[in-house]
Amino acid sequence: MTYSTFADARRALDADETSCEALVSSFLETIDADNDRYNIFLQVDREGALNHARYLDSQRKRGHDRPLAGLVLGVKDVICIKDREVSCASRMLHGFESLYDATVIAKLRDAGAIFIGKTNCDEFAMGSSNENSYFGAVRNPLNPDYVPGGSSGGSAAAVAAGMCHAALGSDTGGSIRQPAAFCGVVGLKPTYGRVSRYGLVAYASSFDCIGPFAHSVEDVAWLMEVLAGQDPADATSAPVPVPAYREVLGGSLHGLRIGLPREYFGEGLDADIRRVLEEVVGKLEAQGAEIKELSMPHTDYGIATYYVLTTAEASSNLSRYDGVRYGYRADLDEIRAALAEARTRGEAEQSVLRELYVESRTDGFGEEVKRRIMLGTYVLSSGYYEAYYAKAQRVRTLIRSDFDRAFEEVDVLLTPATPTPPFPLGSKTDNPLEMYLSDIYTVTANLAGVPGLVVPVGEHPSGFPVGLQLLGRHFDEALLLQVGDAVMKLS
Ligand code: GLN
């Protein structure tokens, strides 16, 4: 018995009905039985997890407990665990081992969490379907012909498939919230700066956030109490006090002002998703919440702004993978041989070093990553910088001011998480633009830096749950958790 939520497992541990070791063994059995079918875990740390569990059990016997003892976690393979592979689901880093722990890993381990393995994702966290992994697509455990969402699809699927209590993901434009919606679990993207990014492999540094997935809002609250907080190793982490998140759950919604931004309910939203959300809104109103429609006029520019700015940051962040310093390196002998042959044909002389960069990056990165590096290099190039990058920065400010204005009128915003239910594997891989549009309701939170919580509500005729998104003021995760918990219990 694994106890699907950590809260239940914790009660069972306290009643001596189970042990950390038994919890880990049981999750390992599920992984052994089902991982091949869904392609969720890239590495499973069987021995490490069992050893840590036994150690925690022996400590508990001696009266040394820890707040998260017995919490079994999956970790997206873009987060560093010392001496473990961190592949970013890329050929480029396949086999590369982390030299240090991410701050979130060190804090969680200290609190008693057990890491059971690294989860599959889109390569370097770029994607919305988990089909961009060098190690193959992840399948949605609710229906394996469908995508689990991306880029943290493995983490969402691991929780949905009962392979761990909770998991860590990263969210740059929706990568926690969209897969949470597609797999029917809870996912939180914290405020930018709320959780340390130290040890998260960078995609777009002014957008990236680490956050949790779990079955319940209570478990997410529990995790956030440990994850959140300033870190001297991350200069962008904020010195804002961390509340006792679990204590806010269960409070009254009376008088709470909930905003429905018109732009999130317009054309393109699946009619059944709209209907399910409207039902929830009705129930919230019956609980005494005040519902207000409002406008966030720059929402439509979200996707374009996001893809200009994040590709620019990515092109710079990913320049470190040069075939020299880390990861994949093209075969030097082959390069030398090819250059020698070119010389005999009288072609212009190229340096071995240049060819090493070119070949390593050509073979080491997948299609989507290369597309973004090229886009990003283009928008930053001298002739186009003003027209694209600088302009997008200004639009980012406008999008942020939409949020500032909205939060003068309401306490929290309620929106869909995704415009459609999960789509079949392979159905959008030929059309990157269509794929990018699946992030339309999530990218704005990253542009503005505000927190976003997705919870599963109701049922869609396709059989999948519907994801409801709550967006809040900077550092107001507590209110999102309170409302999200109430929403889940109402629906
Ligand atoms: N799906 C979005 C993208 O492809 C978001 C990715 C993310 O949040 N890491 O960029």
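Whatever order the structure lists them in is the order used to number ligands and atoms, beginning at 1. Keep in mind that the numbers below use all heavy atoms, side chains included, and drop hydrogens, waters and symmetry copies.
In summary, Glu225 and Arg246 engage in a salt bridge, as defined by a charged side-chain N under 4.0 Å from a carboxylate O. Salt bridge Arg405/Glu409: absent, no basic N to carboxylate O contact under 4.0 Å.
A pairwise comparison of heavy atoms in Phe213 and Ile176 identifies CE2-O, 3.2 Å as the closest pair. The minimum heavy-atom distance between Met126 and Asn132, with the atom names listed, is O-ND2, 2.8 Å.
Under a 4.0 Å criterion applied to the non-hydrogen atoms of Asp171, ligand 1 contributes the atoms 8 (O). Residue Gly127 has at least one heavy-atom neighbour below 4.0 Å for each of these atoms of ligand 1: 1 (N), 2 (C), 3 (C), 4 (O), 6 (C). Of all atoms in ligand 1, listed by their number and element, those nearer than 4.0 Å to a heavy atom of Ala125 are 6 (C), 7 (C), 9 (N).
The cationic group of Arg396 lies under 6.0 Å from the six-membered ring centre of Phe207 and within 45° of the ring axis, placing it in a cation-pi geometry.
Considering only heavy atoms from C-beta on, Phe403 comes within 4.5 Å of Leu413 through its side chain.
The residue among Ser129, Gly173, Ala204, Ser152 with a heavy atom at the shortest distance from atom 8 (O) of ligand 1 is Gly173.
When hydrogens are left out, the protein atom nearest atom 5 (C) of ligand 1 is Tyr306 OH, 3.3 Å; that is the closest non-hydrogen contact. Protein heavy atom closest to atom 4 (O) of ligand 1, with residue, atom name and distance, is Arg372 NH2, 2.8 Å. For atom 6 (C) of ligand 1, the closest non-hydrogen atom of the protein is Ser175 OG, 2.8 Å. Closest to atom 2 (C) of ligand 1 among all protein heavy atoms lies Asp439 OD2, 3.1 Å.
Considering backbone and side-chain atoms together, Tyr203 places an N or O closer than 3.5 Å to an N or O of ligand 1. Polar contact with ligand 1: present for Tyr307 (N/O pair, distance under 3.5 Å). Looking at Gly174 next to ligand 1, an N or O pair under 3.5 Å apart turns up. Of the N or O atoms in Met126, none lie within a sub-3.5 Å distance of an N or O in ligand 1.
Checking side-chain atoms of Arg361 against main-chain N and O of Tyr321 turns up a donor-acceptor pair under 3.5 Å.
The salt bridge (charged side-chain N to carboxylate O under 4.0 Å, His left out) analysis of residues 467-491, with sequence neighbours excluded, yields the pairs Arg194-Glu477, Asp411-Arg473, Asp485-Lys489.
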